[in-house]
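Heavy atoms only: backbone and side chains are in, while hydrogens, waters and symmetry mates are out. What you see is a predicted model, and the numbers here were worked out from it, not measured in a lab. Counting starts at 1 for both ligands and their atoms, in listed order.
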Amino acid sequence: MTAYPTLLSPITLGPLTLPNRVVMGSMHTGLEETGDWGRLAAFYAARARGGAGLIVTGGMAPNREGAVFPGAAGLFTAQDIANHRRVTDAVHDAGGRIAMQILHAGRYAYGPDCVAPSAIRSPISPHTPRALDEAGIEAQIDAIATAAARAREAGYDGVEVMGSEGYFLNQFVVTRTNRRTDRWGGPWENRMRLPVQVVARVRAALGAGGLLIYRLSLIDLVPDGSTWDEVLDLARAVRAAGADVLNSGIGWHEARVPTIATSVPRAAFSDLAGRLRAAVGGPVIASNRINTPAVAERLLAGGQADLVSLARPFLADADFVAKAARGRADLIAPCIACNQACLDHTFSGRLTSCLVNPRACHETELTLPPAAASRRVAVVGAGPAGLATAIAAAGRGHLVTLFEQAGQIGGQLTLAARVPGKEEFRGLLDWFAAMLAETRVDLRLSTAPDPADLAGFDAVVVATGVAPRDPGLTVDPGAPRPLSYAEVLEGAPVGPRVAVVGAGGIGFDLAEFLTHHGPSPAEHPDLWRREWGVGDPATDRGGLAAAGPRPEPPARQVWLLQRRAEKPGRRLGRTTGWIHRASLAARGVQMLGGVTYRAVTPQGLRIATTQGETLIPADSVVICAGQTPRRDLADRLAAAGLAHHIIGGADVAAELDAKRAIDQGVRLAARL
Ligand code: NAP
Ligand code: SF4
């Protein structure tokens with residue numbers, strides 16, 4: 001008897017019967033533009049083998065002007081169709097089903113030729129779109145329908161029409177972006193005309209045998225967005241025009257409300273899918289921040305949706321469904337919603353991968369085959385680098401002993417897990433623990449081996465991590481000793497007014513930790529909605545609460561400081577930095593760049609800026625000034641003439657994050 005009876009039950013969608021309710025949602029991988037279609041095929045085939053009920057590809061451009069960026073992939077030529085055929089064949093050979101997403105970006109297209117209902121530039125693009133005339137609109141409809149026909153030629157089981165997230169079709173629906181006065185703008189029935197016509201034409205192009213998913217914006221999260229009545233009206237109309245199933249779109253890309261970041265509660269928006277389903281009937285797909293089979297089962301069994309869409313979790317683990325079906329959800333590598341190796345890569349033109357699973361999109365290049373001969377491998381340090389090496393090496397058949405000086409595994413991850421909004425890191429720690437047991441790693445906690453203890457191993461891996469950097473601030477007599485971030489996260493008391501020295505990722509995390517009190521909004525959707533001003537689209541147009549954001553009052557007064565003369569937080573994650581900055585600003589954190597630290601005094605922290613010298617009246621000073629490598633063991637091994645590998649922070653501490661640590665660990669394990 002499975003714990004996920006609904007999740008694992010079949011469902012028929014139009015012409016297609018799926019073996020389970022799990023859709024792998026659309027994600028751009030970057031492989032689409034490399035020309036290496038074998039690699040893209042391997043990526044999707046692995047997810048099909050892993051049990052995904054239906055795969056939806058990354059968005060494909062219907063024409064040049066609708067492409068997300070110049071040169072983005074689409075089905076334009078016979079060669080394109082042949083390339084896509086490799087993907088669909090690989091998925092079908094693996095027993096899967098795959099639909100192609102058609103994505104017309106409208107004013108979000110990052111190029112000077114972009115088009116839209118009206119010539120209104122998006123706040124996240126430098127390009128003002130050209131307003132389409134009647135013939136131009138017809139050309140776009142035709143391009144989308146043609147893309148659907150070509151998708152069928154290429155072997156896709158159907159298409160998803162992207163109608164949400166503020167893209168082209170969504171832009172016609174709302175007055176924020178549609179100021180037209182012809183039959184495509186103005187009153188509601190005119191604004192909904194384009195998506196409905198597109199769906200009808202795509203249906204005709206597909207024929208009865210092709211699945212048609214329409215991704216509908218359930219909550220725009222921008223001013224002048226849709227009302228709930230409009231959402232329902234459009235849902236009924238696109239279904240009548242030929243959509244087999246409605247997928248949930250949440251928030252425009254330009255919205256100032258996070259929708260998929262780690263601090264967003266799990267399944268935060270699924271109630272909207274449930275309300276849609278109750279009003280217009282199924283099948284409906286719920287999406288956003290669904291990352292475990294248990295959460296998915298709860299939604300499905302509770303009638304909130306007929307299917308769930310998980311995108312990033314399929315980067316973290318290709319075998320999500322297969323492991324759930326085997327009753328081993330504990331072995332599913334969790335997506336922690338960090339965006340660090342997926343969306344942050346996508347938006348900086350790099351190939352997508354996954355912090356937790358560096359093999360994602362590298363399936364053909366980073367392989368972990370069984371080792372030719374089993375070796376005795378010692379790994380010292382059970383932070384992310386050591387853990388990743390240990391489980392990957394043991395998975396290949398090596399006999400791995402993992403030494404950890406502390407009484408628990410995790411290293412820096414255990415600190416991250418204490419930060420409000422980073423609760424997902426706990427799941428990552430649990431997964432590492434389950435994988436250590438599964439791969440039979442011999443874990444020795446509270447053990448710091450000497451070189452002599454390591455002499456008998458065939459390979460020694462030093463993953464001893466980092467120590468917080470002490471910047472050597474001047475501390476006047478009688479002043480409190482500055483604390484390290486690690487001490488504070490581990491529970492050292494701090495006063496009501498705190499100066500944080502260093503505004504990197506950890507400084508921001510620390511400021512978040514210090515300004516919170518009570519339950520974490522990431523685990524309490526009502527608190528979270530209040531914090532970000534998320535309302536009910538039934539009463540608040542676009543789902544933005546009339547009262548605006550109402551965060552809890554801060555627990556402390558915090559100053560976040562850095563020496564570099566730039567806005568603190570500029571170098572945070574590409575897709576998440578704004579969330580951290582906005583969250584701290586809402587808690588009244590004062591962020592200062594261009595600071596020179598003079599001294600910690602009994603009255604506070606004396607600093608100098610271009611405005612002169614000033615005293616920050618802090619009761620406590622916390623240091624978040626980066627890290628230095630912990631290399632004593634490596635030095636002693638070198639002195640003893642014992643060969644060893646150094647990875648993670650022990651190797652290079654600067655700009656170390658879990659992504660680099662895990663990647664380095666897995667790549668080393670592949671070579672052992
Ligand atoms: P970091 O990002 O390198 O930031 C260190 C901060 O300390 C900087 O603001 C730096 O700014 C300051 N600093 C460096 N040397 C100093 C000195 N001698 N005296 C005073 N200030 C000094 O390091 P981190 O914050 O410790 O983070 C470590 C790694 O973890 C980073 O790679 C980070 O990206 C990653 N991380 C990521 C996240 C995430 O959410 N993605 C969260 C936490 C950590 P100035 O030199 O300008 O003062
Ligand atoms: Fe999830 Fe982070 Fe991996 Fe992206 S990089 S798939 S957000 S764990």
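For the residue pair Glu165 and Tyr108, no side-chain donor N or O sits within less than 3.5 Å of a side-chain acceptor on the partner. For the residue pair Ser287 / Ser248, no side-chain donor-acceptor distance below 3.5 Å is found, with atom types taken as modelled. Checking Asn291 against Glu424 by side-chain atom types alone, a donor-acceptor pair falls below 3.5 Å.
Salt bridge Arg266/Glu523: absent, no basic N to carboxylate O contact under 4.0 Å. Asp632 and Arg630 are not joined by a salt bridge, as no carboxylate oxygen comes within less than 4.0 angstrom of a charged side-chain nitrogen. A salt bridge does not link Arg418 with Glu423: none of the charged nitrogens is closer than 4.0 Å to a carboxylate oxygen.
A side-chain donor-acceptor contact under 3.5 Å links Arg39 to the backbone of Cys361.
Taking 2.8 Å as the limit, the number of protein N, O or S atoms around atom 4 (Fe) of ligand 2 is 1.
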Filter the ligand 1-protein atom pairs down to N or O on both sides and distance under 3.5 Å, then list them.
unit_1, atom_1, unit_2, atom_2, d
ligand 1, 7 (O), Cys624, O, 3.3
ligand 1, 9 (O), Ala503, N, 2.9
ligand 1, 9 (O), Gly504, N, 3.3
ligand 1, 15 (N), Arg469, NH1, 3.3
ligand 1, 15 (N), Arg563, NH2, 3.3
ligand 1, 25 (O), Gly505, N, 3.2
ligand 1, 25 (O), Ile506, N, 2.9
ligand 1, 26 (O), Gln627, NE2, 3.0
ligand 1, 30 (O), Leu656, O, 3.1
ligand 1, 32 (O), Glu655, O, 3.3
ligand 1, 32 (O), Leu656, O, 3.1
ligand 1, 40 (O), Lys422, NZ, 3.2
ligand 1, 41 (N), Gln340, OE1, 3.4
ligand 1, 46 (O), Arg563, NE, 3.3
ligand 1, 46 (O), Arg563, NH2, 2.8
ligand 1, 47 (O), Arg563, N, 3.2
ligand 1, 47 (O), Arg564, N, 2.7
ligand 1, 48 (O), Arg563, N, 2.8
ligand 1, 48 (O), Arg563, NE, 3.1

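The closest side-chain heavy-atom distance from Phe43 to Val87 is not below 4.5 Å.
Other residues, nucleotides and ligands place no more than 12 heavy atoms under 6.0 Å from the CD atom of Glu655.
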